[in-house]
Colleague: 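Handing you this structure, nothing more for now.
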Amino acid sequence: MSVGGVRLEHMFDRPVDELTVEELDVEETLDAIEAWHAERLERETREFCAAAHYADLHHPETLARRAHGRVLPGTERPRQLGGAGTPAVAEFAAAELGARIGTSPYGARMLIAD
């Protein structure tokens with residue numbers, strides 16, 4: 001495992017995957033927590049950027065929802081998920097994202113809104 005280009009295996013006598021938490025001393029435990037925390041922040045940053053890109057891909061202009069100048073019943077409508085000035089997103093986008101990441105449509109909506 002590596003974090004920020006540093007291989008964690010070099011921090012310990014054995015590969016990290018072979019260690020259990022109970023085998024770590026104080027310094028090794030702090031090193032492991034620090035590395036795992038940095039890894040988690042890196043993953044969350046990538047997820048945040050991907051959610052923003054996903055919202056861009058679901059801009060209302062992509063909706064084929066009009067027939068004779070009116071909205072068809074049951075079709076997606078544009079929704080502003082974020083605060084004032086944020087672009088609208090197709091309303092079902094959050095439900096699809098939530099299903100893929102194992103969270104509720106509301107949780108995915110908040111991720112997109114952020």
Colleague: Heavy atoms only: give me the nearest P105-A94 pair and the separation to one decimal.
Modeller: O-CB, 3.7 Å
Colleague: Looking only at heavy atoms, what is the nearest atom pair of L81 and A113, with distance?
Modeller: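 For L81 and A113, the tightest heavy-atom pair comes out as O-CB, 3.1 Å.
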Colleague: Any side-chain to backbone donor/acceptor pair from E96 onto A93? Under 3.5 Å, distance only.
Modeller: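 No, because the side chain of E96 does not come within donor-acceptor range (under 3.5 Å) of the backbone of A93.
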Colleague: Looking only at non-hydrogen atoms, find the nearest pair between A55 and V89 and report the distance.
Modeller: CB-CG2, 4.0 Å
Colleague: Only one of E27, E22, E28 forms a side-chain contact (heavy atoms from CB on, under 4.5 Å) with L24, so which one is it?
Modeller: E28
Colleague: Y54 and I101: same hydrophobic cluster, using ILVMFWY side-chain contacts below 4.5 Å?
Modeller: yes
Colleague: Taking atom CZ of R79 and atom CD1 of I112, what is their separation to the nearest 0.5 Å?
Modeller: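 Separation between the atoms: 13.5 Å.
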Colleague: Counting only N and O atoms by type, is there a donor-acceptor contact under 3.5 Å from the side chain of E91 to the main-chain atoms of P78?
Modeller: no
Colleague: For the CZ atom on R43, are there more than 12 heavy atoms of other groups (residues, nucleotides or ligands in this structure) within a distance under 6.0 Å?
Modeller: yes
Colleague: Using modelled atom types and a 3.5 Å cut-off, is there a donor and acceptor pairing between side-chain atoms of Q80 and backbone atoms of T86?
Modeller: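 Side chain of Q80 to backbone of T86: a pair is present.
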Colleague: Kindly say whether H37 contributes a backbone atom to a donor-acceptor pair with the side chain of E34 at under 3.5 angstrom?
Modeller: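 No, the answer is negative, given that no donor and acceptor are paired below the 3.5 Å cut-off.
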Colleague: Can you spot which of R46, E42, R40 makes a side-chain contact (heavy atoms from CB on, under 4.5 Å) with E44?
Modeller: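 Single pass found, and it is R40.
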Colleague: State whether the side chain of H53 and the backbone N or O of C49 hold a donor-acceptor pair below 3.5 Å, judged by distance alone.
Modeller: no
